[in-house]
Amino acid sequence: MLDSLPLLFPSDFPSIERRRLQTLQVNLGYRCNLSCRHCHVDAGPKRSESMSSETIEAVLAFLDRYPTRTLDVTGGAPELHSEFRRLVREARGRGLDIIDRCNLTILSEPGQEDLGAFLADHGVRIIASMPCWSEESVEAQRGTGVFAASIAGLRQLNRLGYGIPGSGLVLDLVFNPQGPALPPSQCALEAEFRRELGERYGIVFTRLLTITNMPVKRFGSLLQSTGQFADYMALLKSAYRVANLDAVMCRDLISVDWEGFVFDCDFNQMLGLAIEQGARRLHISALDADALEGLRIRTAEHCYGCTAGQGSSCGGALL
Ligand code: SF4
Ligand code: SF4
């Protein structure tokens, strides 16, 4: 795989600083049942990196020391981690809102038959990848058979109450473009998804979140190998909107990797740009969240992916 990191420096991205921590995003590992083309984590069935029990304890100890509002659990497919459910129970017991970044197909994997019910019982908010309502587009990006399994997953979640108004069970869908283009208007696309998924499959959901593809890992490598990296960066930079700068997710989120090291965001994690104290990487077991406030965020050219157009974050558009 071609590394994007050397192409992201030097950068003229504006200097930004952290605010008070609200969200702890935890990456449980890189194992996934899929191998999507756009995956910025480079996850797949052959990856074996997985958070240890000791590091999960360190995450929980951090939540005891520093109660954040939200625990955002990601991967790979986080549900494949043997301690995923323990982490959810423990965090719920501490009163946190919990997000599961779910690829939908995992709901029909052997051994995961009761996953949907577990998530519903614990009031977990699901953010699910669904790049299109068309089978052809989804499978071009995510692989054969993924579309039918995703629809089956959505139907299962709807049956459990997810996405049904008044149920309290939130089902958000995530759209990202097929290639080196900015996402369309989140608002307009949400209306389109609602109509198409409703009419074709009887599926309902809470919100659609659009996310810009970041020029790192698998997608960054694809851009390089097809000679499109420079043009994509130029597109992101030409669409820069200063108003997005105040809302980028790294202002109040930290991302913890499977080994427990702390990053400004998931993308910096994939690039190996850790939050440092002196020359040492910060570990969740030693993290003083109060000391993060005011700290300069490690930015580079990829950050233009968060500030282009309507903006982009793990929670969708910013504006
Ligand atoms: S994009 Fe998500 S579902 Fe696809 S390989 Fe990466 S982690 Fe797995
Ligand atoms: S890529 Fe990460 S560090 Fe850069 S602006 Fe986006 S969230 Fe912040």
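The basis for the numbers below is simple: all heavy atoms, side chains too, and nothing from hydrogens, waters or symmetry mates. We count ligands from 1, going down the list as the structure has it; atoms in each ligand are counted the same way.
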Heavy-atom contacts with [X] under 4.0 Å: which atoms of ligand 2 show up? List them by number with element.
X: Met249; answer: 7 (S)
X: Cys265; answer: 1 (S), 2 (Fe), 3 (S), 7 (S)
X: His302; answer: 1 (S)
X: Ile297; answer: 3 (S)
X: Met214; answer: 1 (S)

For [atom], what is the closest protein heavy atom, and at what distance to 0.1 Å?
atom: atom 2 (Fe) of ligand 1; answer: Arg142 NH2, 4.1 Å
atom: atom 8 (Fe) of ligand 2; answer: Cys250 SG, 2.3 Å
atom: atom 6 (Fe) of ligand 2; answer: Cys306 SG, 2.3 Å
atom: atom 4 (Fe) of ligand 2; answer: Cys303 SG, 2.3 Å

Subject >> Atoms of ligand 1, numbered as shown, that sit under 4.0 Å from any heavy atom of Asn103 >> reply: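 Matching atoms, with element in brackets: 3 (S).
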Subject >> Subset of ligand 1 atoms that lie under 4.0 Å from at least one heavy atom of Gly76 >> reply: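 The atoms of ligand 1 under 4.0 Å from a heavy atom of Gly76 are 7 (S).
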Original post:
Under the side chain to side chain contact (heavy atoms under 4.5 Å, CB included) criterion, do Tyr162 and Thr206 qualify, and how do the steps go?
Top reply: CA-CA 8 Å; Tyr162 270 104; Thr206 311; over 6 Å; no
Flag yes if more than 12 heavy atoms outside [X] fall under 6.0 Å of its [atom1] atom; otherwise flag no.
X: Arg280; atom1: CZ; result: no
X: Arg18; atom1: CZ; result: yes
X: Arg195; atom1: CZ; result: yes

**OP:** Would you check, one step at a time, whether the test side-chain hydrogen bond (donor to acceptor under 3.5 Å, both in side chains) holds for Ser134 with Glu136?
**Re:** CA-CA 5 Å; Ser134 116; Glu136 199 184 347; 5.2 Å; no
**OP:** For the residue pair Thr74 and Gln25, confirm or rule out a side-chain donor-acceptor distance under 3.5 Å.
**Re:**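 Note: Thr74 and Gln25 side chains miss the donor-acceptor criterion.
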**OP:** For Thr70 and Asp72, run side-chain hydrogen bond (donor to acceptor under 3.5 Å, both in side chains): C-alpha distance rounded to whole Å, both residues' side-chain angles, the deciding distance at 0.1 Å, then the answer.
**Re:** CA-CA 6 Å; Thr70 304; Asp72 183 342; over 6 Å; no
Subject >> Sub-4.0 Å heavy-atom approach of Arg251 to ligand 2 >> reply: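 Judged by the 4.0 Å heavy-atom criterion, Arg251 does not count as contacting ligand 2.
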Original post:
Which one holds for Cys36 and ligand 1: side chain close, backbone close, both close, or neither close, with close meaning a heavy atom under 4.0 Å?
Top reply: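 Both backbone and side chain.
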Subject >> Tyr30 side chain near Met270 side chain, heavy-atom distance below 4.5 Å >> reply: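 Result yes, sub-4.5 Å side-chain heavy-atom pair found.
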Subject >> Side-chain (Glu190) to main-chain (Leu208) donor-acceptor, under 3.5 angstrom >> reply: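 A pair under 3.5 Å: yes.
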Original post:
Given that the side chain starts at C-beta and the backbone is N, CA, C, O, which of these parts of Thr299 lies under 4.0 Å from ligand 2, counting heavy atoms, or is it both or neither?
Top reply: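 Neither; no heavy atom under 4.0 Å.
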Original post:
Which one holds for Thr307 and ligand 2: side chain close, backbone close, both close, or neither close, with close meaning a heavy atom under 4.0 Å?
Top reply: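 No part of Thr307 comes within reach of ligand 2.
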Original post:
Taking atom CD of Glu196 and atom CD1 of Ile203, what is their separation to the nearest 0.5 Å?
Top reply: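 Nearest 0.5 Å value for the CD-CD1 distance: 12.0 Å.
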Original post:
Strictly under 4.0 Å, does any heavy atom of Val41 approach an atom of ligand 1?
Top reply: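 It does not, in that no heavy atom of Val41 comes within the 4.0 Å cut-off of ligand 1.
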